[in-house]
Enquirer: 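Take a look at this one; I'll ask things after.
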Amino acid sequence: MKVVAQPLLLKPRRPSDQRLLKALRKRRVLTIDTLPRAREALFRIELPHIPPGSPEYLVSFNRYQKAIRGRLPTHFVYFPWRNTLVHLPSEEVFNRLQSARNRFLITDEEQSKFRSARIGIAGLSVGAVVALSLVLNGGPMEMRLADPDAIEPTNLNRLPFGVTELEMNKTIACSRRLYELNPYLNLKLFPQGLREKNFKGFFIRGKKFDLFVEEMDDLLLKIKSRLFARKNRIATVMATDNGDNTIVDVERFDLEPKRPIFHGRVSEREIIGLGPSLSLVERIQLADKIVGPQVTTRMQDSLELTGSMIPAWPQLGTAAITSAAAVTYVARRILTGQAMPSGRYTVDHDLSFDPGYHGALATRLRAQRTKEFVEGFKLIFK
Amino acid sequence: MPFRVWQIDERPYQKLDSSGDKIQFLLQYGILAPSAHNIQPWKYEIRKKSLLIGLDESRYLQISDPTRRQSLISIGAFIENLSVAARAFGLKSRVTYRSVLPSSFPLAEITFLQTQSGRKNPGLRNAICARHTNRGPYVNGPIPEDVIKRTSKLGQGDAILLLPDQLQRKAITLLISQGVKIALSLSRLRRDLERLVSRESDCPRRGLTLESMIHGSASQLSQARWITKQLRPSRVARQTATNFASSPFVGVIATRGDDATSWLSAGRLLERILLVGAQAGLSHDIAAAPVEIPTLHRQLRTLLHTQLRPQVVFRLGKPVWPTFTRLSPRIPA
């Protein structure tokens, strides 16, 4: 059975769609009419100086409604997985309403550029949160999403999905969630995940996208996808969880086509020597080079316990959300032509909020712990 | 040239054939409408028998007129001038409001049709060229009864003239004083003003001349010095309030709605009143701050005991300093 990941957009004036609407209404689907509220919201955007509740509000609103009656193009959007039909304004009006509260924080020109960009996201754990954040910000309408995995219970501490989505492929679940935020998106899905054999289809078929958000776990794929992005001059952004914090790597292959991947933290000669799959030691060594030892103390402790007391690299919901916000910010800067140089950036809540962070004792303890971590790592893995 | 626009030779009109040429001729009257800071924010397109009118977005001042209210009131005055002039030349005009949204084009369409009767009410047409702002004090004596009678009968769309009583006028004066002080204390607004102030000898086509803003020898100051030295918010606020307090006629135009249609109506009513005043030899001055600043316009509405939205506060009177009445420049039609 084909899994549906996209809603149906129905035009009320198109005869074939009218028939479908009739059939849906007969089935008594849940119908939501958003138009009255949308019209008023539009009025408030167009004439924001009139306070609701003032005597002139009703006079001007009635005039406005009379003027736009019958002239507001709409769509009916059917979400099969929810058995719900929503009557919405057309794409242009919907997007205006959806991004109305962005105005002046994001200029109209920036919003337009941001929205018309194309973006690819591989790895839909943090990647799903990034995708949601991008759509919330009124970001790219065209996205390519790739992840082969199904949602499992241990994902629920950081992925924005519910128990009804357990066992569902992450790409499908993400797609549904995104379309529920904005049904006018244009998503191309890769539920089989990103593989070397579908790099062309993912990155450049149709029209190559403007930004690659790389959030995969597979280290070989991280490397190979990066090399492909660089070859095709596609800027790449990656966020790595670090306790409650995030490390964001920006690689402007669009501006620097000769830039070494991972900022040169991994030698490309070494990469060429890698086999088709990596041993545990190779994986850990590579990860260490890419991320570095400057992870939080608790992260260092957790990493030492991975495989004995905990099954996998620990990840917090706060880090996923922070990563999403940071990547969205970076993406917006890149896609609207603002300065966003390559480099490694951190968003560190511990630094911002922990009152003892800068204390002499805390600083010394962190340095000591990092030294022990690095030495221990060398002993075990090198 | 920018000041010669105030002398219109009517004779060529008789020789005009096409509606387009006649409309072009009438525009000479339209452009003489008052506008905030004399920015002349109108934009128009001549059609076969009509004129489409809207806002020239490149001319409106985002800081001092964020909602575009002042600009559209000016455009309303522009429309009224066209209607008055059309009537004087034997044309009937019908104004259709086309949008409630200030940025739309067109905001209004004026259709002109030939009537059987010839010229009517040429006097009010002549008042278009006689209407001028005077920011100085006015003679504190009664204004002609005829002016009161005629203005009190005027209404336009959803715009109504309110005549505050003595107590209300006193309170309005305080609001004007507060408003002017707030407005001129905003550095961004002052920078806006700097760009628009020049001297008559510079032959500007827009904006305010120093000679119309400072009376007497102070107008010899350079523009920059005036902005920094003379434009003291408290001083200007006090002066403006005193002038309003002592004026024989203070009016408030208010509307039921608060959108483009309401603002155009307010502008048309305002211009009609100013023309009636100009016909009787009266000058006028307008205070925008009490209408624009949110805290003040709420107080204004409360003290006027009205559900209507105040749009314009103005005064009429015979100027104490007639030479302070200056021709303001215009971009020719």
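Letters go in sequence order (proteins before strands), and every chain restarts at 1.
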Enquirer: Which atoms of A/Pro48 are under 4.5 Å from chain B, going by heavy atoms: the side chain, the backbone, both sets, or neither?
Expert: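 Contact with chain B: none, neither part.
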Enquirer: Can you tell which of B/Arg256, B/Arg301, B/Arg309 makes a side-chain contact (heavy atoms from CB on, under 4.5 Å) with A/Pro55?
Expert: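 The single option meeting the side-chain contact (heavy atoms from CB on, under 4.5 Å) with A/Pro55 is B/Arg301.
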Enquirer: Could you list all the salt bridge (Lys or Arg N to Asp or Glu O under 4.0 Å) pairs where at least one residue sits in residues 31-43 of chain A, not counting sequence neighbours?
Expert: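 Applying salt bridge (Lys or Arg N to Asp or Glu O under 4.0 Å) to every pair that reaches into residues 31-43 of chain A, excluding sequence neighbours, yields nothing.
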Enquirer: Quick check: are there more than 12 heavy atoms from other residues, nucleotides or ligands sitting under 6.0 Å from NZ of A/Lys208?
Expert: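 Counting other residues, nucleotides and ligands, NZ of A/Lys208 exceeds 12 neighbours.
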Enquirer: I need the residue from A/Leu58, A/Ile50, A/Asn62 with the largest number of non-hydrogen atom pairs under 4.5 Å to chain B.
Expert: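 Greatest number of close heavy-atom pairs with chain B: A/Ile50.
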Enquirer: Surrounding OH of A/Tyr184 (heavy atoms of other residues, nucleotides or ligands, distance under 6.0 Å), is the total greater than 12?
Expert: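 Result for OH/A/Tyr184: enclosed.
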Enquirer: Verify the neighbour count for atom CG of A/Leu30: are there more than 12 heavy atoms of other residues, nucleotides or ligands below 6.0 Å?
Expert: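 Enclosed: over 12 neighbouring heavy atoms sit under 6.0 Å from CG of A/Leu30.
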Enquirer: Using side-chain heavy atoms (C-beta onward) and a distance below 4.5 Å, is A/His49 in contact with B/Asp258?
Expert: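 Yes, close enough: below the 4.5 Å cut-off.
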Enquirer: Mind checking the CD-CG spacing from A/Glu56 to B/Asp259? Nearest 0.5 Å is all I need.
Expert: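 Rounded to the nearest 0.5 Å, the CD-CG separation comes to 10.0 Å.
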Enquirer: CZ of A/Arg101: more than 12 outside heavy atoms within 6.0 angstrom?
Expert: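 Not buried by this count: 12 neighbours or fewer within 6.0 Å.
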Enquirer: If you define the side chain from C-beta out and look only at heavy atoms, does anything of B/Asp158 sit under 4.5 Å from A/Arg63?
Expert: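 The answer is yes, as the side chains (C-beta and beyond) meet within the 4.5 Å cut-off.
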Enquirer: Not counting sequence neighbours, which residues clear side chain to side chain contact (heavy atoms under 4.5 Å, CB included) with A/Ala117? List them please.
Expert: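 With sequence neighbours excluded, A/Ala117 shows a side chain to side chain contact (heavy atoms under 4.5 Å, CB included) to A/Pro140, A/Asp210, A/Leu335, given in chain and number order.
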Enquirer: Using a heavy-atom distance cut-off of less than 4.5 Å, which residues of residues 95-104 of chain B contact chain A?
Expert: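 Hits under 4.5 Å: B/Val100, B/Leu101, B/Pro102.
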Enquirer: Residue by residue, scan residues 66-95 of chain A and write down, ordered by number, those that have a heavy-atom distance under 4.5 Å to chain B; if none do, write 'none'.
Expert: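 Within residues 66-95 of chain A, no residue comes under 4.5 Å of chain B, counting heavy atoms only.
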